[in-house]
Amino acid sequence: MSLLSGVVVPLVTPMSSPGVPSAEAAESLLVAMASVGVRRLMLLGSNGEGPLIPVELSGEFAAGVVKRWRDLVTGGTVLVNVTAPGTAEAERRADDAAAAGADGIVSSPPTFFKHRDDEVVAHYEALRRHGLPVVAYNSPRSTLFTQESAAASRPYLVGVKDSSGDTEMLRYLMSLGIEVSQGDEQGLADAIRTGVHGITPGIANLAPGLALQLVTPGAELDRLQGLATALTKIHTVRPGAPTVKALLNARGLCPPHCAPPLAPVTPDELDRMTELVEPMEEHLIPRSA
């Protein structure tokens, strides 16, 4: 089964209160995603504030979302990010993802330290023993994932989400014979031309239809990339998940709560972001009825 083809939406994590993920609070967002044709989700990634959410809360959230997504989308796919500071916690999160019914897990190498290639390989080997397909997450801002560690980890991986923005690295990953998804929002069109299996852009939370258009055969890639790039300007006002959640909240789709220490968007920031996205209304996710 393909896990990374087409569009994977790296879903934000709706919360009932700051730091408390809630599958119930995700209802409107999930319905809206399904209504525009999204089939694949990734939970608890960087857009989903996963590393900030305690392990004892993440499993129940994942289980609730998986169940609801399968109700909404026949054959719908859900990946769960299990990235953690160490392998032991990642393994616990992997067990919870398996119990939740996830189709696969996603993990960066352990965070904080710069691990050797053999240590990265051992991490993925340990995760593969938990029974779910493993997708590596290459995010150089927080972890070190080299060509050498990618090649040596190959026996334990079914794919890689690459957010490095490094064209050479992307091509190398594609040469390994596993699925590759582009996570760099500035390079979606070029990656599609290169032949990646799919894309995993954070902007798909706000404009899933635009993301789906990008992977449609014969798409006007340059025009669509321009729209995607324009949408990323919201992060010049305030970077990260709080920005996306504030705009989704304004559309009635997601509470604005974030996991501490992330602070909510200010009214002034929201006004400035709203002004930026207003010209793109036709591409934005439908408002809640």
Side-chain angles (χ1 to χ4, degrees), residues 1-4 8-13 19-23 26 40-70 76-113 115-139 142-145 149-163 173 176 178-181 183 197-198 200 259:
M1 179 180 66
S2 173
L3 295 178
L4 298 178
V8 178
V9 177
L11 200 72
V12 296
T13 301
V20 181
S22 169
R40 292 178 172 82
L41 305 177
M42 185 180 80
L43 309 181
L44 302 171
S46 53
N47 285 279
E49 305 165 76
L52 297 179
I53 296 173
V55 65
E56 60 268 21
L57 299 179
S58 59
E60 181 179 354
F61 169 75
V65 171
V66 168
K67 182 179 185 302
R68 184 61 179 132
W69 191 242
R70 299 269 167 71
T77 299
V78 182
L79 302 172
V80 177
N81 184 46
V82 301
T83 299
T87 300
E89 181 181 329
E91 287 190 85
R92 181 179 172 188
R93 291 179 181 269
D95 282 338
D96 288 345
D103 297 288
I105 55 176
V106 181
S107 179
S108 295
T111 60
F112 192 77
F113 295 104
H115 295 281
R116 299 182 327 199
D117 291 332
D118 62 318
E119 294 169 335
V120 173
V121 174
H123 176 73
Y124 287 117
E125 181 181 13
L127 290 178
R128 187 64 187 90
R129 292 196 295 267
H130 288 253
L132 288 177
V134 180
V135 174
Y137 183 8
N138 183 27
S139 179
S142 55
T143 57
L144 183 64
F145 188 66
S149 60
S153 299
R154 168 67 184 87
Y156 313 111
L157 303 175
V158 299
V160 180
K161 177 195 172 186
D162 181 40
S163 296
L173 294 171
L176 296 178
I178 55 180
E179 287 195 302
V180 178
S181 183
H197 295 82
T200 314

task: Applying side chain to side chain donor-acceptor pair (under 3.5 Å), run through S181 and T200 and close with a yes or a no.
output: CA-CA 6 Å; S181 183; T200 314; 2.5 Å; yes
Least distance between heavy atoms, [X] atom then [Y] atom:
{"X": "P85", "Y": "T111", "result": "CA-OG1, 3.2 Å"}
{"X": "G19", "Y": "P54", "result": "O-CD, 4.4 Å"}
{"X": "S58", "Y": "V55", "result": "OG-O, 3.2 Å"}
{"X": "L4", "Y": "G159", "result": "CD1-CA, 4.1 Å"}
{"X": "L132", "Y": "A94", "result": "CD1-O, 4.4 Å"}
{"X": "G59", "Y": "A100", "result": "O-CB, 4.2 Å"}

Calculate, to the nearest 0.5 Å, the distance between atoms [atom1] and [atom2] belonging to [X] and [Y] respectively.
{"X": "N81", "Y": "L11", "atom1": "CG", "atom2": "CG", "value": "12.5 Å"}
{"X": "S46", "Y": "L52", "atom1": "OG", "atom2": "CG", "value": "10.5 Å"}
{"X": "L43", "Y": "I53", "atom1": "CG", "atom2": "CD1", "value": "9.5 Å"}
{"X": "L3", "Y": "E179", "atom1": "CG", "atom2": "CD", "value": "6.0 Å"}
{"X": "L79", "Y": "D103", "atom1": "CG", "atom2": "CG", "value": "7.0 Å"}
{"X": "R93", "Y": "I105", "atom1": "CZ", "atom2": "CD1", "value": "12.0 Å"}

Whether over 12 other heavy atoms sit under 6.0 Å from E89 CD: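 For E89, atom CD is crowded (more than 12 foreign heavy atoms under 6.0 Å).
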- prompt: Are S107 and H123 linked by a side-chain donor-acceptor pair shorter than 3.5 Å?
  reply: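 Present: a donor and an acceptor within the cut-off.
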Would you check if the side chain of [X] reaches a backbone N or O of [Y] as a donor-acceptor pair within less than 3.5 Å?
{"X": "T77", "Y": "R40", "answer": "no"}
{"X": "R154", "Y": "L176", "answer": "yes"}
{"X": "S149", "Y": "F145", "answer": "no"}

message: Can you pull out every side-chain hydrogen bond (donor to acceptor under 3.5 Å, both in side chains) where at least one residue sits in residues 124-136? Sequence neighbours excluded, please.
response: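 Qualifying pairs, neighbours excluded: E91-H130, D95-H130.
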